[in-house]
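These numbers come from a predicted model, not from an experiment. Proteins get letters first, then strands, A, B, ... in listed order; numbering begins at 1 in each.
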Number of protein chains: 2
Amino acid sequence: MTRNESGPSDRDIMQLPPLIQAFVLHFGEMGSRWGINRTVGQIYALLYVSPEPLNADQIVEALGVSRSNVSMGLRELQAWNLVKVRHIPDDRRDHFATPGDVWEILRVLAEERKKREVDPTLSVLRELLMQAPASEAERHAQARMAEMHGLIEQLTNWYEDVKKLETERLAQLLALGSRVARLVEATDKVVSLGRRKRKE
Amino acid sequence: MTRNESGPSDRDIMQLPPLIQAFVLHFGEMGSRWGINRTVGQIYALLYVSPEPLNADQIVEALGVSRSNVSMGLRELQAWNLVKVRHIPDDRRDHFATPGDVWEILRVLAEERKKREVDPTLSVLRELLMQAPASEAERHAQARMAEMHGLIEQLTNWYEDVKKLETERLAQLLALGSRVARLVEATDKVVSLGRRKRKE
DNA sequence: CTGGACTTTCAGAAATTTCTGAAATCCGTG
DNA sequence: CACGGATTTCAGAAATTTCTGAAAGTCCAG
C-alpha cells in the first residue's frame with residue numbers, strides 16, 4: 001500500500017530535520033564538483049546519515065524528486081559501489097544503504113576514481129609512447145608524455161601497494177604524516193652507505 | 001559526448017602532428033571527468049607538450065575554437081595555477097606555458113582540488129557538528145557526520161604534512177610504497193621499547 | 001590624444017546534461 | 001497465466017554549461 005500523499009506544495013526537500021537537510025543540500029551542490037549530479041549527491045548523503053536502509057519511495061519523498069530520477073541515481077551509485085541493496089524481511093521492495101565504515105567508503109572512492117580518471121589516461125599515454133615520433137615536435141611531446149606517464153605510474157604503484165594495508169596500519173601511517181620522512185631519511189643513509197661500497 | 005566525431009569541418013583541430021593531436025583530444029574528452037571542460041583540457045594538453053610558450057592565437061589556430069573561448073580557458077587555467085604567463089622579448093602578446101616539473105604540477109593539482117572539493121565540505125561538517133541535535137534522527141546523523149569529518153581531517157592533516165616534503169623525499173616515499181608499513185611496524189616496536197628508557 | 005595591436009567581457013546560441021511522466025518490464029502470487 | 005506491486009526505460013522537457021561573435025576595454029608608441 002503506497003501512502004503517497006501528494007506534497008503540500010512545491011518540489012523542495014520535505015520534512016527532513018534541518019541538520020540532515022543541510023547535509024543533503026550540501027552534497028547536492030558539491031556533486032557537480034565531484035562529477036556526479038545533484039540528485040545522486042543528495043541520495044548518497046541521505047543514505048549516509050540514515051540509521052537504516054531506505055527504499056526508493058522514501059527517498060523520493062525525502063528529496064522531492066521524481067521516482068525515475070531516484071531510480072537512475074541509485075543505479076549510478078551502485079555502479080560506483082557506493083550503495084548496496086539490502087532486503088528487509090516481509091518487504092518486497094529493495095532497500096538501499098551505504099557501507100557503514102568510512103574507511104571502506106574511502107577505499108571504494110579511491111578505487112572508482114582511479115578507474116575512471118586515471119587508468120584511461122595511463123593507457124592512452126602508454127599507447128602514444130609506443131609510436132615512433134615523426135618529427136622534432138613529436139619527439140619533444142613524447143618526452144613530456146613520458147614524464148607524465150612516469151609520475152602517474154609511480155603514484156598508482158604506490159596506491160596499489162598501500163591499498164592492500166589493513167585499515168589499522170593505514171591509519172597509523174596517516175597519523176605519522178611527514179614524520180615518516182625521517183624514517184626514510186634514515187633508511188636512505190643506510191642504503192646509500194651500502195651503495196657507496198660498490199659504486200661512486 | 002563528443003561533438004567533433006570525424007567531420008572534416010574546418011573547426012576541427014588543424015595541422016597538429018597526430019601524436020600531439022591524440023594527446024590533446026584525449027585531454028579534451030577526459031576534461032569532463034575532471035570537472036573542467038573540453039576546451040580547457042585541450043588547451044592544457046597543448047601547452048603541456050609544447051616546447052615553448054604559446055600565445056592565444058596560436059592556441060586558437062591549433063585547436064580551432066574561438067578566440068574568446070581560448071581567453072576564458074586560459075583564465076580558468078590561471079585560476080588553477082596550472083599555466084603561467086610568460087613574456088617573449090619584442091612581442092607584446094602574452095604567452096602561456098605549464099610548469100615544467102611534473103611534480104610541481106602534481107602539487108598544484110592536489111592543492112587546488114583540495115581547496116575546491118574538500119575544504120568546503122570540511123567546513124560545512126564542522127558547522128553542522130556544532131549544532132545541538134533536536135531529535136534522535138539528528139543525533140544519529142551527527143554521529144555519522146562526525147565519522148566523516150574525522151576521516152577527512154586525518155587525510156588533510158596527513159596531506160598538509162607530506163606536502164612540505166621536498167620532491168626528492170616524496171619520491172623516495174612513493175618508491176617505498178607499502179614497505180614503509182614494515183618500517184612503521186618496526187619503529188613502533190623500537191619506540192615503545194625505547195619509551196621505557198628514554199626518547200628518540 | 002589617437003591608432004592599432006592585443007585581450008576580455010558578455011548576451012545569446014548551441015550543446016550537453018539532468019529530470020520527468022508515461023509506458024514497458026519484471027516477478028512472485030493467487 | 002493473469003494480476004498487481006515494484007522497478008526500469010526512454011523520449012522529450014527543463015536546466016545547465018559551453019561556446020561564439022561582436023562590442024568594449026587596455027595599453028603603449030607616436
Strictly under 4.0 angstrom, non-hydrogen atoms only: write out the protein contact profile of nucleotides 22-30 of chain C, one letter per nucleotide from the 5' end, B, S or -. ---------
Please check the phosphate of D/dT9 (OP1 and OP2 only) for any side-chain N or O of A/R75 closer than 4.0 Å. yes
On DNA chain C, does the nearest nucleotide to B/R93 precede the nearest nucleotide to B/S32 from the 5' side, or the other way round? Give the residue. B/R93
Which is true for B/D94 with a 4.0 Å heavy-atom rule: it touches a base, it touches only sugar-phosphate, or it touches nothing? sugar-phosphate
Does B/N37 put a side-chain nitrogen or oxygen below 4.0 Å from OP1 or OP2 of D/dT17? no
A/L74 has an atom CG; how far is it from atom P of D/dT9, in whole Å? 12 Å
To the nearest Å, how far apart are B/D90 CG and D/dC28 P? 15 Å
In whole Å, I'd like the distance from the CE atom of A/M72 to the P atom of C/dT18. 11 Å
Backbone N/O of A/A137 and side chain of A/Q142: donor-acceptor pair under 3.5 Å: no
Is it true that atom CZ of A/R116 has more than 12 heavy atoms of other residues, nucleotides or ligands lying nearer than 6.0 Å? yes
We want to know whether A/R75 and A/Q78 form a side-chain donor-acceptor pair, criterion being a heavy-atom distance below 3.5 angstrom. no
When the distance from CG of A/L63 to C1' of C/dT20 is rounded to whole Å, what number comes out? 15 Å
Separation of A/N55 atom CG from D/dT8 atom P, in whole Å? 12 Å
Given atom CG of A/D57 and atom P of D/dT8, what is their separation to the nearest angstrom? 11 Å
Among all residues two or more places apart in sequence or in another chain, which pass the salt bridge (Lys or Arg N to Asp or Glu O under 4.0 Å) test with B/D91? B/R93
So that I can tick it off, tell me whether A/R144 and A/E147 are bridged by a salt bridge, with the cut-off set at under 4.0 angstrom between side-chain N and carboxylate O. yes
OP1 or OP2 of D/dC19 under 4.0 Å from side-chain N/O of B/S66: no
Sequence neighbours excluded, every pair satisfying ring pair (Phe, Tyr, Trp, His ring centres under 6.0 Å) that has a member inside residues 17-38 of chain A: A/F23-A/F27
Are a donor atom and an acceptor atom from the side chains of B/E111 and B/Y159 found within less than 3.5 Å of each other? yes
Interatomic distance where CD belongs to A/Q58 and C1' belongs to D/dT7 [whole Å]: 15 Å
Strictly below 4.0 Å: does B/T39 bring a side-chain N or O up to OP1 or OP2 of D/dC19? yes
Length of the CZ-P vector between B/R38 and C/dT17, whole Å: 9 Å
Taking only side-chain nitrogens and oxygens of B/R67, does any of them come within less than 4.0 Å of OP1 or OP2 of C/dC6? no
